[in-house]
Every structure is written in structure tokens, then in C-alpha cells.
Asks: 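I have a structure here, written as C-alpha cells, and I will follow up with some questions on it.
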Amino acid sequence: MRRPVARNLAVLAVGAAVLSVGAAPPPAQYGAPFRHTPKVPVAVGHGGAVSSVDADASAAGIEILRKGGNAVDAAVATAAALGVTEPYSAGVGGGGYFVYYDARSRTVHTLDGRETAPLTADSGLFLENGRPIPFAEAVSSGLGVGTPGTPATWQWALDKWGERGLGTVLKPAERLARDGFTVDETFRAQTAANETRFRHFPDTAELFLPGGELPAVGSTFRNPDLARTYRELSREGVDALYRGGIGRDIVKTVNKPPVDPASGWNARPGELTPRDLAAYRTKPQAPTKTSYRGLDVYSMAPSSSGGTTVGEALNILERTDLSGAGDVRYLHRFIEASRIAFADRGRWVGDPAFEDVPTGELLSQRFADSRACLIEDDSVLTSPLAPGDPRDPAPCAEGGTAAPTTYEGESTTHLTTADRWGNVVAYTLTIEQTGGSGITVPGRGFLLNNELTDFSFAPADPAVHDPNLPGPGKRPRSSMSPTIVLDRHDRPVVALGSPGGSTIITTVLQTLTGFVDRGLPLVDAIAAPRASQRNAAQTELEPGLYDSGLRQRLEAIGHSFRENPEIGATTGVQRLPDGTWLAAAEKVRRGGGSAMVVRPAR
């Protein structure tokens, strides 16, 4: 199957290049901030590429590439800028996962920069009087805040693979925070959705509700406190957070959240200490690897479940010719493979420093085949589906109790970068749900995460071990799935990822199969209406599928659906046969994304 896939990808690449030449013009002034740059979802050219959800953030990455930086430098610059323009999705108060392709050695490396629980945490972190506290109360509290991993990830990546120092790559973001960016509909809508809880915290309200009002579309939003924070990190390095003044402010804020007394909000204090920050380490680790249609798919190993769950689903689909399948059979198989992979994820995946996670077995073709035989084209599996046992796979076997998929906040962000040397980065970062904990560190200009709410508050079944319960210094399970795909010569084909909580996994899976199997140009694979099944009774559909005749035809088989207005927000880059880069992003979701290249093709 290798030759047809390679040929199809080449055809798609050439077609996309013809359609999108010149889509992303260079800045008018070298080194100057991109002002009022329109968002374009696809761009083709030379010298490197950046794709993110925001034009100012993509421009920050392009600026660093123009100044001789590589894909790693550009990724950190873009991420820092997203901390300014997408502060409800990412920032120095959060964490994430970094996947890097080294063109010189043709190898893939990953960094686990996930937040960690305090060293005093135990399995009862979210229990009061033996019962789980309400989720909504845990979200906006110090209790849900984990030790941030993002700054440590930036420093580790730059030290190991970058060409520029932290101070250099933070300059575009510092300038953006100081001078401001233009408020769009998405930023205003996200602020409005958080207005009530933002008003619980005076520092958050002062920053994000200027003058007590929602920021107006078209106005300029400035964050001088964040600009000063970036300057401090540039001057002192990330020790300013993990051993210095920024860290002391974080600890104080977590342990005594600054709440407006008139709000009546019970922002439960956390137990973060200076020791927790000083003990934090980014974890370099081997990526997951899955062979699919003659390509090698690399992603994040646990503590993220992204690589194992996407990989298992791809292995399940490997035996089905999706390129020749009709739309109903394709979606049916995609949905059922997702259902099965999520069933196994819930039972087996947690932080490998605390849990015996059978990563290799979950990614074995033998296990996938034992699970794929559950799928029939004329019927639907019952959810929640019980997991299989990857250590002892038996054909069509199920065992144990099904574990429901825990909630994960959807306000994550993903960026992809590439450089003129052929290096590639896929980086997903987050502060958990939209607005994180809602708590701004006073005088620092950034929101704290509520990442610890990704833990299970209590076991679904007390008789069955839950690998995702809290523990001292433990990392909560994630669905983030930054992915890089290589051809049989270990050269990059495509890199992509998405925000969206647990829907990240299905978004990446659907985009990959749309691109590889269904023959869609990358930008169209990203734009295609999505479905998401996560071992639940109903599959979520975006309106483009929910309102189509496909829904009725799938319901006739036995599927049940509910509508979700928006699933994920993918960005990606593709290496074209002539050596140019194609950057692609969303056309509509989250207000559309921003694809840019250093030198657009003619």
C-alpha cells in the first residue's frame, strides 16, 4: 500500500500548492509587529512556516524564522505570543506537550511539559467528607491549579534544539503585550462566557474586563503586567518562576486565592509550595510510533493518552480500505474505532511514573486486531464499552468495567512550525478550560491553570483501579495529540494537532484519515465537518454532519447523535515534493486560523 499512498500525497500537495500560492504575504517591515494582518487558512512558500489560531502569534514565529531562528525558536515565540492573544487557552501558567523532528538525524523527540499535582496531594484531593466536590467549584479554585510546565518546556527545548535564547524569542510577545492587539469576536465571546466567574477575582476582572465592561471588538487590548513578566523571564530565565519572585506570587495566589468578598465565591485554597515549583522537571521521553499505510505516525506517550489512543484507532482502521469506502462506512468505522480506543484508554492510561501503563501493548497491531473484530458494518457497539486487555489480547474479548471519559477543558491551543533546514515542531499547550482557573496572578498578567481537574475525582468503580486518580507530584492524564508523520525515508509528510479536550484525539484521527485515506488537501481535511465518539452513548456531530443525510443513514445502523457546534481547531504544516512548506489552519472554527510562510511562493 506504500506506493499508492505516496502518490496520493504528492498529488494532494501539488494541488494545494497551486490553489494557495501567495496566501500569506510577508510583513511590511522586517522585525516590526504584524498589525491588522488578515487571517488566511493556507499558505505555501520557502524558508519555513507557522500555523496557529492567531495572526499575531503566527507573525511572531515568522519574525524569529526571518532572523535566523529554527522551528523550535519559532514555536516558543509563537507560544509566548499566544499567551498574549489567547490568554484563556495558553500561557506561562499552564503546560503542554512538545514534539520535535530533527532534520539532521531524521528522528522525532518529545517533551512532557504537563502540570503536576502538589507533592502533598493524594487520591482524595477533590473529596470532601468522602464525596467528590462539585466540578464547577473545583474549576475556579486554588485546588485545581497544578505546577506550571510551560516555561520549563520552553527553556528545555531551546537549550537542547534551539538556535536562539529565551530572551530573544520572547521579544515579539513582550512587544505584543505592551503595545496590544486588536480584540476580535472570538476574544470578546470567550470573555463574555467567563464574565461571571472573572468578576469573582478582582485582578482578573481588572485585566480582562477593562473599566468593568467586556472588551469591545476592534479595541486594542494591552497587558503591561504580562510584558513585565516576559521581561523578567528574559532577564533571569525560567528560574524567576521556579525559584524566584514570579513563583512566590504564584504560590501565594494558589494558597489564598484573591476573591472579591462580595461575590460569595468559595475559591478553595490549594497547597502549592515553593518546593513544588523547584522540583518541577520537563520530561524528555520517547514518542509513540504507529505505522499506518506505509507512514510512521509519531505522537505523545503517557502522561498524554493522545499517542496511544490515536495510534490504537489507526491500527484498528489499518485493515479497512477507507480510501474506497463510502461516506457511511468510513464514518461508521471511524466512530467505532474511536469508541474502542477510548474504552481502552480509560482503563490503562495514566502517569507512567505512578502507573504501570502498557504503552507498547496498546500500540501493538495484535491488540488492535483483537479489538477490530468487534466492529460490524450493520450494527453499533454499545457504550460505554468495556476495555480489552492489551497484555493478553483475545479476539473480540472484553473485560472489566467500562470507565467513563473524564471531562477535559477544551480551551487548549495548538501550533505547528517548520524551518528552512527541514526541522518541524508540533506543540499543544493549555491552561485547561477556557479561562483556566479564572485566577490571575496579581501584577503578573497571566491566568493560572485548572489542570488538576483532569484527574478522576473518584473511581468510577471502587472495585476497579483507576490510573488517573491524583497523587503527589502526579501528572493528570491528557488527550493532547501533537503529531508528526514521516515517510518511509524518515522525512516529514505532515505535522498537526488540535485543542478540544478529549475531542483532540478524534479530531487528529479524523484529520489524518481525511488527509491520508480520503484524498483531501490538508486545509480541507482540517475544515471537514467532524464527528467525535469517546465511548459514550451518543456521538457528537458538528452541524455539517448533523444536518446532512449521512446522519439519518448512520442512525439506521443504530448510531445515536447529539449536536456539537464546534469540535477542535487544527493547525498543521506539510512538506511538499518540491521542498516548499504548506501551512494550513481552520477556515472558520474559533474565528479561523492563521497560516504563514517566510517567503510565499510565486
Side-chain angles (χ1 to χ4, degrees), residues 290 292-293 297 305-306 308-349 362-390 393-400 402-405 479 481 502-514 516-518 528-542 545-546 548 550-562 564 567:
T290 308
Y292 186 69
R293 314 297 194 211
V297 181
S305 65
T308 55
T309 311
V310 171
E312 181 185 345
L314 288 172
N315 286 337
I316 290 171
L317 294 170
E318 177 76 25
R319 307 299 191 197
T320 302
D321 179 9
L322 296 180
S323 64
D327 290 343
V328 170
R329 187 167 190 259
Y330 163 68
L331 284 170
H332 171 69
R333 288 273 168 167
F334 161 74
I335 288 168
E336 296 296 69
S338 300
R339 190 192 313 271
I340 293 169
F342 265 91
D344 299 327
R345 163 198 189 261
R347 169 62 183 88
W348 298 106
V349 181
L362 283 167
L363 288 169
S364 71
Q365 191 63 51
R366 180 186 174 208
F367 178 57
D369 291 344
S370 76
R371 301 291 275 157
C373 66
L374 293 168
I375 303 175
E376 298 180 359
D377 283 334
D378 59 354
S379 63
V380 173
L381 292 167
T382 301
S383 282
L385 182 71
D389 188 343
C396 305
E398 302 173 48
T405 297
S479 295
S481 310
S502 57
T503 70
I504 292 172
I505 290 169
T506 56
T507 296
V508 169
L509 178 63
Q510 188 174 354
T511 305
L512 280 174
T513 56
V516 174
D517 292 305
R518 307 296 283 176
R530 294 188 183 127
S532 183
Q533 167 54 240
R534 307 186 301 283
N535 200 24
Q538 291 186 303
T539 298
E540 296 175 9
L541 296 181
E542 287 188 325
L545 287 173
Y546 192 84
S548 75
L550 280 173
R551 175 168 68 92
Q552 286 76 26
R553 293 162 67 189
L554 287 163
E555 286 174 338
I557 300 173
H559 288 279
S560 178
F561 299 107
R562 67 184 181 91
N564 183 333
I567 299 173

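Just the heavy atoms: all of them, side chains too, but no hydrogens, waters or symmetry mates, feed the values below. This is a predicted model, so every value here is computed, not measured. Heads up: numbering here begins at 1 and tracks the sequence.
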Asks: Just to verify, what does Asp327 make a side chain to side chain donor-acceptor pair (under 3.5 Å) with, not counting sequence neighbours?
Replies: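 Expected list: Arg518.
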Asks: Partners of Phe561 by ring pair (Phe, Tyr, Trp, His ring centres under 6.0 Å), sequence neighbours excluded?
Replies: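 With sequence neighbours excluded, Phe561 shows a ring pair (Phe, Tyr, Trp, His ring centres under 6.0 Å) to His559, given in chain and number order.
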Asks: Residues two or more places apart in sequence or in another chain: which of them pass side chain to side chain donor-acceptor pair (under 3.5 Å) with Thr539?
Replies: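 Per chain and number, Thr539 pairs via side chain to side chain donor-acceptor pair (under 3.5 Å) with Gln533.
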Asks: Side chains of Gln510 and Ser338: does their closest heavy-atom pair fall under 4.5 Å?
Replies: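 No, too far: nothing below the 4.5 Å cut-off.
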Asks: Below 4.5 Å, heavy atoms only, C-beta onward: do Ile375 and His332 meet side chain to side chain?
Replies: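 The answer is yes, as the side chains (C-beta and beyond) meet within the 4.5 Å cut-off.
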Asks: For Thr513, give me all partners under side chain to side chain donor-acceptor pair (under 3.5 Å), at least two apart in sequence or on another chain.
Replies: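 Checked Thr513 against side chain to side chain donor-acceptor pair (under 3.5 Å); matches are Tyr330.
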Asks: Not counting sequence neighbours, which residues clear side chain to side chain donor-acceptor pair (under 3.5 Å) with Thr506? List them please.
Replies: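 If we apply the side chain to side chain donor-acceptor pair (under 3.5 Å) test to Thr506, skipping adjacent residues, the hits are Ser532.
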Asks: Taking only residues two or more places apart in sequence or in another chain, which ones pass salt bridge (Lys or Arg N to Asp or Glu O under 4.0 Å) with Arg329?
Replies: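 Only Asp377 meet the salt bridge (Lys or Arg N to Asp or Glu O under 4.0 Å) criterion with Arg329.
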Asks: Here's a test for you: under side-chain contact (heavy atoms from CB on, under 4.5 Å), which of Leu317, Leu512, Val310 qualifies with Tyr292?
Replies: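 Among Leu317, Leu512, Val310, the one that satisfies the side-chain contact (heavy atoms from CB on, under 4.5 Å) with Tyr292 is Leu317.
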Asks: Measure across Ser481 and Gly306 and return the closest heavy-atom pair with its distance rounded to 0.1 Å.
Replies: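 Scanning both residues completely, I find the closest heavy atoms to be OG-CA, 3.2 Å.
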Asks: How far apart are the closest heavy atoms of Arg339 and Thr382, and which atoms are they?
Replies: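 Result for this residue pair: CD-O, 4.4 Å.
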Asks: Looking at Tyr546, is its backbone amide N or carbonyl O close enough to the side chain of Arg551 to form a donor-acceptor pair, meaning the two atoms are under 3.5 Å apart?
Replies: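 At least one qualifying donor-acceptor pair exists.
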Asks: Start with the C-alpha distance between Leu541 and Leu550, add both sets of side-chain angles, then the distance that settles side-chain contact (heavy atoms from CB on, under 4.5 Å), and finish with yes or no.
Replies: CA-CA 11 Å; Leu541 296 181; Leu550 280 173; over 6 Å; no
Asks: Do Leu554 and Leu545 make a side-chain contact, defined as non-hydrogen atoms from C-beta onward lying under 4.5 Å apart?
Replies: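 Counting from C-beta outward, Leu554 and Leu545 never come under 4.5 Å.
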Asks: Please name the pair of heavy atoms, one in Gly558 and one in Val380, separated by the smallest distance, quoted to 0.1 Å.
Replies: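 Shortest heavy-atom contact: C-CG2, 3.5 Å.
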Asks: I need the Asn535 CG to Leu385 CG distance, nearest 0.5 Å.
Replies: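 Asn535 CG to Leu385 CG: 5.5 Å, rounded to 0.5 Å.
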Asks: For the atom pair OG1 (Thr308) and CG (Asn315), what is the distance rounded to the nearest 0.5 Å?
Replies: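 Answer rounded to 0.5 Å: 11.0 Å.
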Asks: Restricting to side chain to side chain contact (heavy atoms under 4.5 Å, CB included), what partner residues turn up for Pro395, sequence neighbours left out?
Replies: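 Partners of Pro395 under the side chain to side chain contact (heavy atoms under 4.5 Å, CB included) test: Cys373.
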Asks: Can you list the residues that meet the salt bridge (Lys or Arg N to Asp or Glu O under 4.0 Å) rule with Glu376, with sequence neighbours excluded?
Replies: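 None.
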Asks: Under 4.5 Å between any side-chain heavy atoms of Glu540 and Arg534, yes or no?
Replies: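 SC-SC contact between Glu540 and Arg534 confirmed.
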Asks: Is there side-chain contact between Thr309 and Ser479, with at least one heavy-atom pair below 4.5 Å?
Replies: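 No, their side chains stay 4.5 Å or more apart.
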Asks: Is there a donor-acceptor pair closer than 3.5 Å between any side-chain N or O of Arg293 and the backbone N or O of Glu318?
Replies: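 Yes, because the side chain of Arg293 sits within donor-acceptor range (under 3.5 Å) of the backbone of Glu318.
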Asks: Among residues at least two apart in sequence or on other chains, which ones pass side chain to side chain contact (heavy atoms under 4.5 Å, CB included) with Ala372?
Replies: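 If we apply the side chain to side chain contact (heavy atoms under 4.5 Å, CB included) test to Ala372, skipping adjacent residues, the hits are Ile316.
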Asks: Specify the closest pair of heavy atoms between Leu509 and Ala313, including all atoms of both residues, with the distance to one decimal.
Replies: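 Scanning both residues completely, I find the closest heavy atoms to be CD2-CB, 3.5 Å.
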Asks: So, taking the atom named OG1 in Thr320 and the one named CD in Glu336, what distance separates them when rounded to the nearest 0.5 Å?
Replies: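 One finds 11.5 Å between OG1 of Thr320 and CD of Glu336.
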Asks: Run the side chain to side chain contact (heavy atoms under 4.5 Å, CB included) test against Asp344 and tell me which residues pass, sequence neighbours left out.
Replies: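 By the side chain to side chain contact (heavy atoms under 4.5 Å, CB included) rule, Asp344 matches Glu312, Ile340, Trp348, Leu362, Phe367, Arg371, Pro387.
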Asks: Under a 3.5 Å distance rule, please check whether Ser383 uses its side chain to pair with a backbone N or O of Ala537 as donor and acceptor.
Replies: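 Here the side-chain-to-backbone pair does not exist.
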